[in-house]
Amino acid sequence: MVMKRMREHTKGFLVFLVLAFVGTIIFSWGMDVTGIRHKPNIVGEVAGQEIQIQQFYKVLQNRIDNYRQQTKKDLTDAEMKQLQNQTWESMVQQVLLGKEIKKLGITVTNQEIIYSLKNNPPPELLQNQSFQTDGKFDSKKYYQAMENPQNDQFWMGVEQYLRNYLPYQKLQDIISSSVIVSNEEVRWQFIKKNLKAKIDYIFFNPLKFLKDNIPVSKEEIASYYKSHKEDYREPETRKIKYAVFPIKITASDTAATYAEAERLIKRLKKGASFAELAATFSDDPGSAQKGGELGYFGKGVMLKPFEKAAFSAKVGAIVGPVKTSFGLHIIQVEARKREKGKLKIKARHILIKFEPSDDTKDNIKAKASYFASIAKEVGFDKAAGQDTTILIKESPFFRRGGFIPGIGFNQDMAKFVFKNKTHAVSKNPFEINQQDIVVEVAAIKKAHIKPLKEVTNRIKGILISEKRKEKAGQWAALERAKMRKPEDFKLVAEKDSLKIEEAGPFNMVDFAAGIGNDPNLKGAAFRLKVNEISQPIKTIKGYYLIKLLEKTKFDENQFALQKDAIRRQLLLKKRQQAFTEWYNQLKEAANIKDYRDLVL
């Protein structure tokens, strides 16, 4: 059984290993830099090494195939762009790290590969179901599979993966070899996570003074503005006009969906396996991988049309197509039972979603592309005026970064907007959220510091808020002056109608109900002695007085049990940080030329 499962999963698993290993193999192309801006057959250059477009597409296609296999759907434009970026970044990393490996003379011997296979299997193998028993890695199954000659193809793939992967692991070990974790760091990490405090607190809320007339002078506003000018620096912003072409399902698409459902029903009635057809054709990813299995369910769980059809069907019968808001369902009831007097059924289903066909998408895109071509010739507004059925929208000004108000995150569109001049129109429509969009750069605001008159009201609000907080601090100080001994905390609160609340036990790092995670407040709590009352503590929200009720002591026995695990966690984190910082510096210093916009 183990061997059968391995043979079934070998191809997919080896593809997964390839993707897990940065994304490609070491490049061996030359460095023919001729001074030409770019060559048509390369997507970029990294430290003088060309990245061929064929290799880029090969790696990208692997990622696309893997994505489709996992999601069982086609990619949107945004998802495709994300995979392209991931592929590019992985190939840049591969080149840069490959050069460092070569420079340092890092190699891997056969003995090291064998040792790694036997003693330190990759996580992908540890998590492979073929080598698990009851959800846990079974070393006996693993070693049996290694010794079986029928699995040679599988292990050859794993060996190649390790031959590529281990040099990178060695490089990481070299870069982070100087990282150490001191005893003090381990001890402090234990303290932050394990020592706990419990407090009573009184919160002095600045909003108590919300109705007070708090004056703010022009001089105060001007002084604040002068010392905080950089806070009001505005980067370049832009706004767009855009034409929206919704990708709607047509009557023909609906008819095709019904025809597909009827075709599957005919196959099922002729004896085709429901589970196999569900795994292949169902648009419900949750049940498709289980052959459409939904398990037992009672009434009130499913949508009404589905429920009515399923509970009316005989066991074994093929029912459908049944229309719900999800699409069309083909249902097969497998069993019925009563549980606590209520009827439940066990069923499978195949979901066929109503979706625009490729022809529908092509027609909408053609209409959008035609509008774009006209807009480029006569101008966006004139083109829009020629067809009043087209929905035209306009965004507010927005910053560079990918988020466009009214549209959402779209790096491609944002890149176009910030790369082009005013009145530039996108050559091709952007497909976003089931709509094709043609964009015009409507206006540009250059980077600037906002003038005082634009931010006067905002500054006034900030100063009023700070003055309210100062009043809350004075109030807290006045109440604290009345508290001369521990029991006064409660007596003064009762006398002056102050609300005492309790918080904790809490540690130094996790969120605590009632007080949040303010470092000033928590730091003060852990510095107090039991029954000691704090001085007024300023936080973002306002001021607090706290009284320490209890505080756990450092437990040497627990520390002895946890310190090795803490040290390993800290060391792993610091090594990862060290390698990331080193790589970022390596990448920043490298000469990287990205031609993707020109050739893809």
Side-chain angles (χ1 to χ4, degrees), residues 76-78 81-82 84-85 216 218-246 368-369 371-388 390-433 435-466 588 592 594-598:
T76 64
D77 286 353
K81 187 64 177 178
Q82 184 179 13
Q84 287 177 347
N85 288 337
V216 177
K218 291 181 179 179
E219 291 75 18
E220 287 177 302
I221 293 172
S223 175
Y224 184 92
Y225 176 74
K226 185 177 180 181
S227 59
H228 293 81
K229 266 191 173 183
E230 286 302 317
D231 293 349
Y232 302 105
R233 180 175 292 280
E234 284 286 300
E236 181 180 296
T237 56
R238 301 191 173 202
K239 65 188 296 186
I240 60 172
K241 289 181 182 176
Y242 55 101
V244 181
F245 298 83
S369 297
F371 173 85
S373 65
I374 298 299
K376 289 178 81 69
E377 285 183 22
V378 304
F380 191 90
D381 291 339
K382 285 187 178 179
Q386 292 177 10
D387 187 346
T388 57
I390 298 173
L391 177 61
I392 305 297
K393 295 185 178 183
E394 187 170 336
S395 77
F397 281 96
F398 57 90
R399 300 181 179 187
R400 185 189 304 269
F403 182 79
I404 302 172
I407 292 175
F409 280 99
N410 190 279
Q411 291 290 349
D412 278 350
M413 184 182 290
K415 194 173 183 179
F416 166 81
V417 171
F418 280 88
K419 187 179 179 180
N420 290 279
K421 297 179 181 179
T422 308
H423 302 308
V425 177
S426 57
K427 180 180 179 181
N428 298 311
F430 298 94
E431 185 180 331
I432 304 170
N433 300 327
Q435 51 192 11
D436 284 322
I437 297 175
V438 178
V439 175
E440 179 200 44
V441 181
I444 300 173
K445 280 186 182 179
K446 297 295 184 182
H448 64 285
I449 293 177
K450 286 186 175 181
L452 176 58
K453 64 180 181 180
E454 283 189 23
V455 296
T456 294
N457 288 336
R458 191 190 306 179
I459 292 174
K460 185 177 180 180
I462 291 171
L463 293 175
I464 289 173
S465 179
E466 283 299 316
E588 189 174 342
I592 299 174
D594 184 353
Y595 304 142
R596 285 179 295 159
D597 286 345
L598 301 172

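- Here the CD atom belonging to E431 is positioned 10.0 Å from the CD1 atom belonging to I437, to the nearest 0.5 angstrom.
- Heavy-atom minimum distance, K229 versus I449: O-CG2, 3.8 Å.
- A heavy-atom distance below 4.5 Å is not found between the side chains of F430 and I407.
- Between L452 and I221 the shortest side-chain heavy-atom distance falls below 4.5 Å.
- By the 6.0 Å contact criterion, NZ on K376 is enclosed, its count of non-hydrogen atoms from other residues, nucleotides or ligands being greater than 12.
- Both the sub-6.0 Å distance and the 45° axial angle are satisfied by K445 relative to the ring of F397.
- Rounded to the nearest 0.5 Å, atoms CD (E220) and CD1 (I459) are 11.5 Å apart.
- Going from atom CD of E440 over to atom NZ of K239 covers 11.0 Å, rounded to the nearest 0.5 Å.
- Inter-residue side-chain proximity for M413 and I240 is flagged as met; some heavy-atom pair is nearer than 4.5 Å.
- With sequence neighbours excluded, no residue satisfies ring pair (Phe, Tyr, Trp, His ring centres under 6.0 Å) with Y242.
- Interatomic distance, OG1 of T237 versus NE2 of H448, reported as 7.0 Å (0.5 Å rounding).
- Salt bridge K382/E377: absent, no basic N to carboxylate O contact under 4.0 Å.
- Evaluation of the salt bridge (Lys or Arg N to Asp or Glu O under 4.0 Å) test over residues 417-430, restricted to residues two or more places apart or in two chains, returns K419-D597.
- The line from CG of N428 to OG of S373 is 10.5 Å long, rounded to the nearest 0.5 Å.
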